[in-house]
Asker: 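The structure under discussion is supplied below as structure tokens; questions concerning it will follow.
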Amino acid sequence: MEEKETSHRIAASDDVEVSTYLEIARELHGEQLTSEVETISPEVREAIAIIDFGSQYSHLIARRVRECHVYCELFPYDESWERIASLRPKGFILSGGPASVYQAGAPLAPAQLYASRLPILGICYGMQAVVYQLGGQIAPATKHEYGQTVLQTIDKESPLFAGLPSSLLVWMSHGDQVVELPPGFKALAYTENSPAAVIGSDGNIFGLQFHPEVAHTPQGKTIIENFLYRICGCQGTWTPRNFINESIRTIKEQVGDGRVICALSGGVDSAVAATLVHQAIGNQLTCIFVNNGLLRREEPERALNTFRNNLKMNVVYVDASERFLKRLKGITDPEVKRRRIGEEFIKVFEYKAARLGKVDFLAQGTLYPDVIESTAKETKAAAKIKTHHNVGGLPTKMSLTLIEPLRYLFKDEVREVGLALGLPEDMVWRQPFPGPGLAIRIIGEVTQERLEVLRAADWIVMNEIKKANLYRQLWQSFAILTDLRSVGVMGDYRTYGYLIAVRAVTSQNAMTADWARLPYDLLARISNRIVNEVPGVNRVVYDITSKPPSTIEWE
Ligand code: XMP
């Protein structure tokens, strides 16, 4: 194959002696490599660097690693080596990806990664990149493998397979495959169509042709765990308690005797961020809770009670409902609604913050998926479908330093931390709620009267879902007030009433979602109660579209 001579490649020819990867990396990158690599001292911090080649499962790899109580971060494949090395990883995982190693400009791992001699686990495309970069060969497979297949182990003693049977179900999704292993490598397991479905070097580099991170590989987590614990030597120190202790220490250090403000929304992220900051610096923190009048029934009261009375935090409560309603008068375009709500929020927040005197820091509940998304390469970024105002929507004029204690956490970790901090279960398990609130669940103009109708219907949906013990299993469940009216009959009278839609979805991360198969009896109860208890509503429909092609919210 001619393309094999590409300059990306670390091993320029197959006869290179690959006893040390450092040698090969030097071929391309020269002597300066050594000093950079030596900055890694894995003992200092237990972490794994995941190199992202653009697989739709990369986040899942990170989540699995964290579930094994090992800290990890995801880096785009072309991230600077300095940045990756500053994590001081104990090992690397290379993700899958849509490319083929022989494509022009195919993404490859930084050469220094091999030179570090730290353990490497390549997954799917990640394994192909390892093979290619270290002198083996990849070619299009004669038979593509998609879906579940049986893996048979060859080397039963490999630490990767500790505690596993000799045959297991794995999930494949690849078109290329390994046709020649790099020097020093051997096949550790095979499947019907892949003679080298798992490979290992005589050092500590491994490759899996399948995806251990997905649920369709039932024992995938054990393989990841084996890599982390038995190959990288991790101890599993990433626990909520350790995270809390470390955060409290760093927040104290960062803030000193400065003052911090935080916007509470009633959501779990800002609640956990504020509580963490409060535990670190107590009354140096002031929270501002802006009631925009677009919250669910009883939410402002409940949140206020938790923060003020139970957690004894300083909370400035602002009822700005009327201001928001005025700004939304006559507005029907969803994006204009979002923009006005975002702008109004900033104005109210800045006004209140200015009255607190000198403030130095702003605490925010930004989560890792937001960070990953906002640092994603322009070319990779998805087309903008809706503007979400919860990220980066806060004051720019105030020149405050940001404190984002949850910046590297996934949602499930935030919940664990919330529980460990003593936040009420209700708040910790609250379903996500959009920043613009009920305004984007009212199709057409938002008025006080329409808000009341929606709140009453939404209350019934929530109440019935909770009674049916489904609240936690659903990503979101709520009511929408449409701008449709339809004819009905109540008693002997013709009615012309509002149409309420009910939406309930399951999802892992809101990027995709499926409509929930709620039991008919439950749907019947919800529908009955809404038409009987909410004046003006005479018809209820259930939304049975998934995302895509729909979105979770209606606006
Ligand atoms: P969509 O409707 O885009 O929603 O499928 C995905 C997730 O994002 C939430 N969402 C928002 N959150 N500001 C927010 O803070 C917004 O403008 C916004 N729009 C949608 C939505 O509730 C779902 O969880």
Side-chain angles (χ1 to χ4, degrees), residues 259-271 273-274 285-309 311 313-357 359 361-366 386-398 400 427 430 432-456 458-459 478 481 553 555:
R259 285 187 69 195
V260 184
I261 47 170
C262 177
L264 290 177
S265 67
V268 57
D269 307 340
S270 62
L285 167 73
T286 304
C287 295
I288 300 181
F289 185 175
V290 179
N291 179 357
N292 58 12
L294 306 167
L295 300 173
R296 288 175 143 168
R297 188 186 276 181
E298 288 186 11
E299 289 243 299
E301 297 79 4
R302 257 195 280 170
L304 211 52
N305 182 44
T306 302
F307 294 116
R308 262 194 191 155
N309 302 340
L311 296 169
M313 282 158 61
N314 271 334
V315 183
V316 175
Y317 173 74
V318 198
D319 183 354
S321 319
E322 284 194 12
R323 274 181 77 142
F324 279 83
L325 213 54
K326 243 189 240 161
R327 291 283 289 150
L328 291 171
K329 197 170 163 44
I331 305 298
T332 55
D333 182 297
E335 284 300 293
V336 179
K337 280 183 189 172
R338 278 196 168 77
R339 204 169 50 243
R340 293 210 172 181
I341 294 166
E343 286 165 3
E344 203 54 26
F345 176 80
I346 291 172
K347 273 192 213 154
V348 176
F349 186 84
E350 281 181 343
Y351 177 76
K352 283 291 165 185
R355 300 172 73 111
L356 294 176
V359 174
F361 300 91
L362 174 70
Q364 281 197 151
T366 315
K386 299 177 187 180
T387 324
H388 286 202
H389 276 295
N390 52 343
V391 185
L394 275 178
T396 46
K397 281 191 292 186
M398 294 169 67
L400 296 172
M427 183 171 279
R430 198 182 87 137
F433 186 71
L438 301 181
I440 56 166
R441 295 179 180 170
I442 291 179
I443 313 302
E445 191 185 1
V446 180
T447 63
Q448 189 59 43
E449 183 233 345
R450 302 188 79 206
L451 273 166
E452 287 316 320
V453 172
L454 179 58
R455 262 194 202 107
D458 183 67
W459 179 256
F478 55 90
L481 175 60
E553 305 290 346
E555 284 200 335

Asker: Are L451 and L438 close enough that some pair of their side-chain heavy atoms sits under 4.5 Å apart?
Answerer: yes
Asker: Who pairs with S321 by side-chain contact (heavy atoms from CB on, under 4.5 Å), at least two apart in sequence or on another chain?
Answerer: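 Testing S321 for side-chain contact (heavy atoms from CB on, under 4.5 Å), a comparison that skips the adjacent residues, returns N291, D319.
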Asker: With sequence neighbours excluded, what pairs up with V260 under the side-chain contact (heavy atoms from CB on, under 4.5 Å) test?
Answerer: V255, V277, I281, L285, F361, A363, I403
Asker: What are the two closest heavy atoms between P436 and R338, and how far apart are they?
Answerer: CG-CG, 3.9 Å
Asker: About how many Å separate CD1 of I331 and CZ of R339, when rounded to the nearest 0.5 Å?
Answerer: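 Atom-to-atom, R339:CZ and I331:CD1 are 9.0 Å apart.
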Asker: Any heavy-atom pair between the side chains of L294 and I341 that's under 4.5 Å?
Answerer: yes
Asker: If you look at every heavy atom in A353 and V359, which pair is closest and at what distance?
Answerer: O-CG2, 4.5 Å
Asker: About how many Å separate CG of N309 and CG of L304, when rounded to the nearest 0.5 Å?
Answerer: 7.5 Å
Asker: Kindly write out the residues that satisfy side-chain contact (heavy atoms from CB on, under 4.5 Å) with R327, not counting sequence neighbours, or none if the list is empty.
Answerer: R340, E343, E344
Asker: Would you give the length of the straight line joining atom CG of L481 to atom CD1 of I442, rounded to the nearest 0.5 angstrom?
Answerer: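 It comes to 5.5 Å.
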Asker: For the pair R323 (side chain) and N292 (backbone), establish whether a donor and an acceptor sit closer than 3.5 Å, ignoring hydrogens and angles.
Answerer: no
Asker: How would you list all residue pairs meeting salt bridge (Lys or Arg N to Asp or Glu O under 4.0 Å) that involve residues 433-453, not counting sequence neighbours?
Answerer: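 Output for this query lists R441-E553, E452-R455.
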Asker: Residues in salt bridge (Lys or Arg N to Asp or Glu O under 4.0 Å) with K337, at least two apart?
Answerer: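 Partners of K337 under the salt bridge (Lys or Arg N to Asp or Glu O under 4.0 Å) test: E555.
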Asker: Any heavy-atom pair between the side chains of L356 and I288 that's under 4.5 Å?
Answerer: yes
Asker: Is the shortest side-chain heavy-atom distance between K347 and Y351 below 4.5 Å?
Answerer: no
Asker: Which residues satisfy the side-chain contact (heavy atoms from CB on, under 4.5 Å) test with D333, sequence neighbours excluded?
Answerer: E335, V336
Asker: Should I261 and F349 count as side-chain neighbours, where that means a heavy-atom distance under 4.5 Å?
Answerer: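 They are in contact (side-chain heavy atoms under 4.5 Å apart), so the answer is yes.
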Asker: With sequence neighbours left out, which residue pairs that include part of residues 317-338 fulfil the ring-ring contact (aromatic ring centres under 6.0 Å, His included) condition?
Answerer: F289-Y317
Asker: Once side chain to side chain donor-acceptor pair (under 3.5 Å) is applied, do any residues pair with S265, and if so which ones, sequence neighbours excluded?
Answerer: S270
Asker: Applying side chain to side chain donor-acceptor pair (under 3.5 Å), name anything that partners D458, two or more places apart in sequence or on another chain.
Answerer: R296
Asker: Could you state the interatomic distance from CG (L454) to CH2 (W459), rounded to the nearest 0.5 Å?
Answerer: 13.5 Å
Asker: Restricting to non-hydrogen atoms, name the atom on G267 and the atom on R430 that form the minimum distance, rounded to 0.1 Å.
Answerer: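 Residues G267 and R430, closest heavy atoms: CA-NH2, 3.5 Å.
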